[in-house]
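Below is one structure, written out as structure tokens; comments come after it.
Letters A, B, ... mirror the listed sequences (proteins, then strands); counts begin at 1.
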There are 2 protein chains.
Amino acid sequence: MPDQHAHRFGASSDAVAEVRQRGLSDALGKQIVTGALAPGSVLTLESLQERFGVSRTVARDGVKVLESLGLLYSKRRVGLVVTEPRAWNVYAPLVIRWRLDSADARATYIELTQLRIAVEPEAAELAAQRRSGAEADELRRLAARMRTLGEAGELEQFMVVDVAFHCLILEASGNTMFAALGDVVGEALHGRTTHGLMPATPMPEALDAHDAVAHAIAHQYPDAARKQMQFLVDEVRAALEHDAVGDAHLRAPVIPTDERALR
Amino acid sequence: MPDQHAHRFGASSDAVAEVRQRGLSDALGKQIVTGALAPGSVLTLESLQERFGVSRTVARDGVKVLESLGLLYSKRRVGLVVTEPRAWNVYAPLVIRWRLDSADARATYIELTQLRIAVEPEAAELAAQRRSGAEADELRRLAARMRTLGEAGELEQFMVVDVAFHCLILEASGNTMFAALGDVVGEALHGRTTHGLMPATPMPEALDAHDAVAHAIAHQYPDAARKQMQFLVDEVRAALEHDAVGDAHLRAPVIPTDERALR
DNA sequence: TTGGGTGAAACGTATGATCTTTTGAGAGGA
DNA sequence: TCCTCTCAAAAGATCATACGTTTCACCCAA
């Protein structure tokens, strides 16, 4: 199993990017988002060639990826400058993955969850207005399956269906920016069980709420859909606040690296 | 004025990317998001070299950018395959800009606004919990300035301050994913005046609500902050529904292009 | 009809050379 | 002493070319 996360966040350049270039952008990207390479740090193409044992072509390709993710920019006569976090594309699948793989995974998980809490009620309301017939059917089917699995205590499979349920609503909203958050919801739900925030068996109210959401969307009751979804995410919010140890602001202080200073 | 939108969405590779490569990724990217190049279309590096009069290096660099934005992927022996919209990084500044520059700018604007509506109340609540003293002061200052400009009917400047106000709240939320939506809010507000959805002079209730939000955040009343912000975005929502002509789903049907079929 | 082998297409990688921008240091003058 | 202006070096940007690698499509044989 070469990549634990390959099942999610696909499409971008997972199976495609060749291994040398990917290794470089992966390693560098991770270093940047973890803060090991502080904003303002300066690298050079040549140093990357040497460090990763690759040609200039590969080094440039890897850098190009990081550049388009906003993690660094290249400046003539200077080199490759690591960007400050506010410029990062934190919605890019690669960046999300790197952040989740790094030390402050918890803070990232909290941020993803907060985003999910904000978006899902709105998405449910929209979905109730624009869902197709097929989507309505599928939604009810998924809700029923969640009940079965939940009452049986099959947490793993339950989560899979749960993710599918929420993703479908995001898609049915008709807003591509909401739909694009399917991965975010997936990671948030995944993190919830990973962090041990899930009861051994899902609460009956949660199962009822899922049913209610599916019902409201199927019957095109936007207000009810929003309200029921709000109920669902409010529970998540409560769990989050009870659990809120990590602060998204926290980050180890690091001083910028300037390779030229080492010469 | 070579780029109308250069004032926003900066940082990524605006002033940095050299002109040849940028021209290529810009032109191609725009073609893809507008649908002029349908998903499944196949290009080759060689055709791009010829079409844009650039070397292989530049063509590859441009493609690399589009690839990391999820707009296409390259496949050996096949070429460059345009990806289906669901895989696009619709949160990437470049993609947002291209979508706004294209024909279905209206649909994009609606999506951005819906996202804003979803996120801002949550951000306001968080901001009320975690804002710094400086942020609280600045927020009240901005609200006051909005009142002055609003009552004077200075719509242009009003909008600038309005954007700053909302961006500051997103930042103060402490959630980097919320903070990253500053550009989205900026474009949404910009589009609101562009689409003529703004009254000649902002409604007094809106000015009051901005004051109330600033006050609630400054005094650390999360519930009030959320409620007041909800009031603000509910007005936006109302304007949006009243105006809802465009459907985000709509897109001109196009058949995939395969360059090889033309030979 | 089916199965496998084979060649070419197109991307991936490597390398060397040249162009362009930037900047820092040094020369020269006030 | 300090400021300005010039200039050369540094480092990325671009180009051209060559070779490696994978994948697909086609053909031939069973």
Q | From B:R97 atom CZ to B:T108 atom OG1, the distance as rounded to the nearest 0.5 Å | A | 14.0 Å
Q) Atom CG in B:L72, atom OG in B:S74: separation rounded to 0.5 Å? A) 8.0 Å
(Q) Applying ring-ring contact (aromatic ring centres under 6.0 Å, His included), can you list everything that pairs with A:Y91, at least two apart in sequence or on another chain? (A) B:Y91
Q | Heavy-atom donor-acceptor pair, A:R56 side-chain to D:dG12 base, under 3.5 Å | A | no
(Q) If we ignore hydrogens and angles and just use 3.5 Å, is the side chain of B:N175 paired with the main-chain N or O of B:F178 as donor and acceptor? (A) yes
Q) Heavy atoms, side chains only, cut-off 4.5 Å: are B:V82 and B:L71 in contact? A)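 Heavy-atom side-chain distance check fails, nothing below 4.5 Å.
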Q: With B:L80 as reference, evaluate B:L45, B:L66, B:T44, B:L37 under the side-chain contact (heavy atoms from CB on, under 4.5 Å) test and give the passing residue.
A: B:L45
What is the separation between atom [atom1] on [X] and atom [atom2] on [N], rounded to the nearest whole Å?
X     : N      : atom1 : atom2 : value
A:R22 : C:dG12 : CZ    : C1'   : 16 Å
A:Y73 : D:dA11 : OH    : C1'   : 15 Å
A:D61 : C:dC11 : CG    : P     : 13 Å
B:R20 : C:dT18 : CZ    : P     : 18 Å
B:Q21 : D:dG12 : CD    : P     : 16 Å

Report all interatomic pairs (protein N or O, nucleotide N or O of nucleotides 21-23 of chain D) with separations under 3.5 Å.
| unit_1 | atom_1 | unit_2 | atom_2 | d |
| --- | --- | --- | --- | --- |
| D:dT21 | O2 | B:R76 | NH1 | 3.3 |
| D:dT22 | O4' | B:R76 | NH1 | 2.8 |

Q) If you look at every strand shown and take non-hydrogen atoms under 4.0 Å, does B:R60 touch a base, only sugar-phosphate, or nothing? A) base
Q) For B:T57 and D:dA13, is the shortest distance between a side-chain N/O and OP1 or OP2 below 4.0 Å? A)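 For B:T57, the contact criterion (side-chain N or O under 4.0 Å from OP1 or OP2 of D:dA13) is not met.
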Q: Determine: side-chain N/O of A:T44 to OP1/OP2 of D:dA10, distance under 4.0 Å, yes or no.
A: no
